[in-house]
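Dumping the structure here so I can ask a few things about it.
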Amino acid sequence: MTRKSSTGAETSKTGVPREIAAAPRLLEWYDRHRRALPWRAPPGESADPYAVWLSEIMLQQTTVAAVKAYYVTFLALWPDVAALAAAPVDEIMKRWAGLGYYSRARNLHACAQTVVAGHGGRFPGTEAALRALPGIGPYTAAAIAAIAFDQRAVVIDGNVDRVIVRRHGIEQPIALAKPEIRRLADAATPAGRPGDYAQAMMDLGATICTPRKPACVICPLAEGCVARISGRQEVLPVKGVKAARPLRLGSVFYIRRGTEVLVRTRPPKGLLGGMTEFPGSAWDAVGDPEGKAAPLAAIHRRLPAPVEHGFTHFELRLTVFVADMPRKTPAPDGCRWVPEEGLDGEALPGLMRKVAAAVNLFG
DNA sequence: AACCCGTGGCC
DNA sequence: TGGCCAAGGGT
């Protein structure tokens, strides 16, 4: 007979939690349907900790599709942790440009240097030691320990959250259910093939137990899934209350000197930390509609349409001003001239690429 | 604990 | 079109 335990976990007639029995089913499915990804070792081969680490950092809050090309480039430029540690951080920022969450790039470099200087150039093989490295949090430490070092670690990412919430019919928002999710994930994690199990959960979440329209009909874990049985697979997980995204305004100045353009480097920490930008005003509720924040006194033309960009927690609308300066105009303090042709090679974030594109279009 | 931190693709 | 979402970490 079937009953519910106090945690809400389904139990079989033997009293064994279904999650334990589910692992072999999941691994069998993984062996047939695993995605081929550039950072994955072939079946049966052990993964390179450096490759696993690099991919996991890039994949933090970032889609597989966006990561692939960056990963291939990084691995070609810096094939091992020593090479990455020896690279100038500016070069890493440039190659990271466009991928977002730029503190990851700075931490990537810091982590590589720590591994070289403090661990003899080899990644530590325990979850606790990995967790102590810059840019490696609970998820990434567990993932590397499991995938690269074959250790039984409880790997919980957004996919695992979603799969477990559905499988157990948890009706609370994920943020409130974290402790229970952790308990259930721990109970479900097998001792054998921990890396494959972790990646199987991610593949399941990415291809079958997707956020929208999950493909329960072909799901290897459909049996015993509370959400599936109750028809609530498209309702769970319940979403939490989202904070409103305020609008911030500002100005940005695209100032040319012949074939060069004026740029500066943002402070190392905070939004777009360490990245290159065109000079401009602060971003606030008021903005700079008249272009008073111009770094050089000049005749500026205002582009007909502002550049808009969505960040995680606010929306930005930038008024773009364009000016042309005489050949020998010196760069103001904190700014420098760079060839327009070389902008692609700068550590230019997506927002600033939008600005450059708007200038090319209108000005 | 609650914010802060990018970007592109999806429907 | 706009809100949602993606292999989270730092503070």
Side-chain angles (χ1 to χ4, degrees), chain A residues 34-35 37-40 47 51-71 93 96-108 110-111 130-148 153 155-163 173-176 178-179 185 195 197-207 209-214 234 237-248 266-275 277 283 308-316 347-354:
Chain A
R34 54 176 279 165
R35 292 176 291 174
L37 300 172
W39 46 87
R40 279 189 178 166
V52 174
W53 164 72
L54 179 60
S55 68
E56 289 298 344
I57 300 300
M58 288 184 166
L59 286 162
Q60 288 168 1
Q61 294 291 287
T62 309
T63 58
V64 165
V67 163
K68 278 183 179 173
Y70 283 85
Y71 173 82
M93 302 303 289
W96 197 278
L99 199 55
Y101 287 131
Y102 297 101
S103 67
R104 292 185 295 174
R106 195 167 292 278
N107 283 332
L108 191 82
C111 183
L130 288 162
R131 176 71 183 79
L133 294 169
I136 298 183
Y139 160 74
T140 305
I144 298 173
I147 298 170
V155 180
I156 303 175
D157 71 333
N159 290 304
V160 175
D161 281 336
R162 186 171 57 254
V163 170
I174 287 173
L176 295 179
K178 284 290 182 186
Y197 176 79
Q199 294 178 94
M201 287 290 280
M202 297 176 205
D203 277 16
L204 187 76
T207 65
C209 197
T210 49
R212 285 173 302 210
K213 305 277 185 185
E234 294 189 24
V238 173
K239 295 145 197 84
V241 282
K242 64 246 173 204
R245 264 194 340 181
L247 175 65
R248 293 188 195 173
R266 293 177 63 87
K269 295 188 176 179
L271 186 72
L272 306 176
M275 302 298 285
E277 69 174 359
W283 304 340
E308 299 187 336
H309 191 74
F311 288 98
T312 308
H313 55 293
F314 68 93
E315 189 85 21
L316 181 63
L348 214 59
L351 163 64
M352 292 297 152
R353 291 179 192 273
K354 273 190 197 177

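Just so it is clear, the model here is predicted, and its values are computed rather than measured.
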Discussion item. Please compare A:G270 and A:A66 by the position of their nearest nucleotide in DNA chain B and report the one closer to 5'.
Written reply: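 This one resolves to A:G270.
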Practice prompt. Taking only the side-chain nitrogens and oxygens of A:Q61, find out if one of them lies under 4.0 Å from OP1 or OP2 of C:dG8.
Written response: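 Result: yes.
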Discussion item. Checking A:R266 now: which residues fulfil salt bridge (Lys or Arg N to Asp or Glu O under 4.0 Å) with it, not counting sequence neighbours?
Written reply: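 Here the qualifying residues are A:E277.
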Worksheet entry | Interatomic distance where CZ belongs to A:F314 and P belongs to B:dC5 [whole Å] |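 Answer to the nearest Å: 7 Å.
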Worksheet entry | Toward the 5' end of DNA chain B, by each residue's nearest nucleotide, A:A243 or A:L348 |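 Its nearest nucleotide lies further toward 5', so the answer is A:A243.
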Worksheet item: Is there side-chain contact between A:V155 and A:Y197, with heavy atoms separated by less than 4.5 Å?
Response: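 A:V155 vs A:Y197: side chains apart.
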Discussion item. Heavy atoms from C-beta onward define the side chain here; which of C:dA7, B:dT7, C:dG8 lies closest to that of A:E56?
Written reply: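 So the nucleotide nearest the side chain must be C:dA7.
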Worksheet item: Residues from residues 139-147 of chain A sitting under 4.0 Å of DNA chain C, heavy atoms only?
Response: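 Correct list: A:Y139, A:T140.
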Worksheet item: Is there a donor on the side chain of A:T62 or the base of B:dG6 sitting less than 3.5 Å from an acceptor on the other?
Response: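 Flag set: donor-acceptor pair detected.
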Practice prompt. Just call it for A:I57: base, sugar-phosphate, or nothing, with non-hydrogen atoms closer than 4.0 Å on any strand.
Written response: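 Touches nothing.
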Fill in: Interatomic distance, A:L204 CG vs C:dA6 C1' [rounded to whole Å]
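So the two atoms are 16 Å apart, to the nearest Å.
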Worksheet entry | Test side chain to side chain contact (heavy atoms under 4.5 Å, CB included) applied to A:R353 - qualifying residues, sequence neighbours left out |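 A:R353: side chain to side chain contact (heavy atoms under 4.5 Å, CB included) contacts with A:A97, A:D344, A:L348.
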Discussion item. Without decimals, in angstroms, what is the distance between A:Q60 CD and C:dA7 P?
Written reply: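 Distance check: A:Q60 CD to C:dA7 P gives 12 Å.
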Discussion item. Without decimals, in angstroms, what is the distance between A:L99 CG and B:dG6 P?
Written reply: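 That distance rounds to 11 Å.
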Discussion item. Heavy atoms from C-beta onward define the side chain here; which of C:dA7, B:dT7, C:dG8 lies closest to that of A:A206?
Written reply: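 Selected nucleotide: C:dA7.
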Worksheet item: Mapping A:I156 and A:K269 to their closest nucleotides on DNA chain C, which lands nearer the 5' end?
Response: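 Checking each residue's closest nucleotide, the 5'-ward one belongs to A:I156.
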Discussion item. Using a heavy-atom cut-off of 4.0 Å across all strands, would you classify A:R40 as base, sugar-phosphate, or nothing?
Written reply: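 If one applies the 4.0 Å heavy-atom cut-off, A:R40 turns out to touch a base.
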Discussion item. Distance alone, cut at 3.5 Å: any donor-acceptor contact between the side chains of A:Q60 and A:R104?
Written reply: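 Side chains of A:Q60 and A:R104: no pair found under 3.5 Å.
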Worksheet item: Rounded to the nearest 0.5 Å, what separation is found between the CG atom of A:L54 and the CH2 atom of A:W39?
Response: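 With rounding to 0.5 Å, CG (A:L54) is 9.5 Å from CH2 (A:W39).
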Worksheet item: The side chain of A:T312 lies closest to which of these nucleotides: B:dC5, C:dA7, C:dG9?
Response: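 Minimum distance to the A:T312 side chain belongs to B:dC5.
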Discussion item. If I take atom CZ in residue A:R104 and atom P in nucleotide C:dA7, what distance separates them, rounded to the nearest angstrom?
Written reply: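 For the pair A:R104 CZ and C:dA7 P, the rounded distance is 13 Å.
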Worksheet item: With sugar-phosphate meaning primed atoms plus P, OP1 and OP2, does A:L316 contact a base, only sugar-phosphate, or nothing at under 4.0 Å between heavy atoms?
Response: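 Result for A:L316 = nothing.
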Item to complete: Indicate yes or no: at least one non-hydrogen side-chain atom of A:T312 is less than 4.5 angstrom from one of A:Y101.
Response: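 In short, these two side chains touch, coming nearer than 4.5 Å.
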Practice prompt. Measure from OH on A:Y101 to C1' on B:dC3 and round the result to the nearest Å.
Written response: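 Result: 12 Å.
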Worksheet item: Atom CE of A:M275 and atom P of B:dG6: how far apart are they, to the nearest Å?
Response: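 It works out to 9 Å between those atoms.
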Discussion item. Within the 3.5 Å criterion, strictly below it, is a donor on A:N159 or A:R162 matched to an acceptor on the partner's side chain?
Written reply: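 The criterion, which ignores hydrogens and geometry beyond distance, is satisfied for A:R162 and A:N159.
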Worksheet entry | d(CG, A:L271; C1', B:dC5) in whole Å |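 For the pair A:L271 CG and B:dC5 C1', the rounded distance is 7 Å.
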Worksheet item: Residues two or more places apart in sequence or in another chain: which of them pass salt bridge (Lys or Arg N to Asp or Glu O under 4.0 Å) with A:D161?
Response: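 Result, salt bridge (Lys or Arg N to Asp or Glu O under 4.0 Å) vs A:D161: A:K178.
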Practice prompt. Using the P atom as the reference point in each nucleotide, state the distance between C:dG9 and B:dG8 in Å, no decimals.
Written response: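 Nearest-Å result for C:dG9 against B:dG8 at atom P: 22 Å.
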Restricting both atoms to N or O, compile the protein contacts to nucleotides 2-5 of chain C shorter than 3.5 Å, with distance only.
unit_1, atom_1, unit_2, atom_2, d
C:dC4, OP1, A:K242, NZ, 3.0

Discussion item. Holding to ring-ring contact (aromatic ring centres under 6.0 Å, His included), I want the full list of residues that pass it with A:W283, two or more places apart in sequence or in another chain.
Written reply: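 Expected list: none.
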Worksheet item: After noting the C-alpha distance and the side-chain angles of A:D203 and A:R34, does the key distance pass the salt bridge (Lys or Arg N to Asp or Glu O under 4.0 Å) rule?
Response: CA-CA 7 Å; A:D203 277 16; A:R34 54 176 279 165; over 6 Å; no
Item to complete: Mind checking A:G98 for me? I need base, sugar-phosphate or nothing, with any heavy atom below 4.0 Å counting as a touch.
Response: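 Counting heavy atoms under 4.0 Å across all strands, the contact made by A:G98 is with sugar-phosphate only.
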Worksheet item: Mind checking whether A:L59 and A:Y139 have side chains closer than 4.5 Å, heavy atoms only?
Response: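 They are not in contact (no side-chain heavy atoms under 4.5 Å apart), so the answer is no.
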Worksheet item: Mind checking the P distance from C:dA7 to B:dC5? Whole angstroms is fine.
Response: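 It comes out at 23 Å once rounded to the nearest Å.
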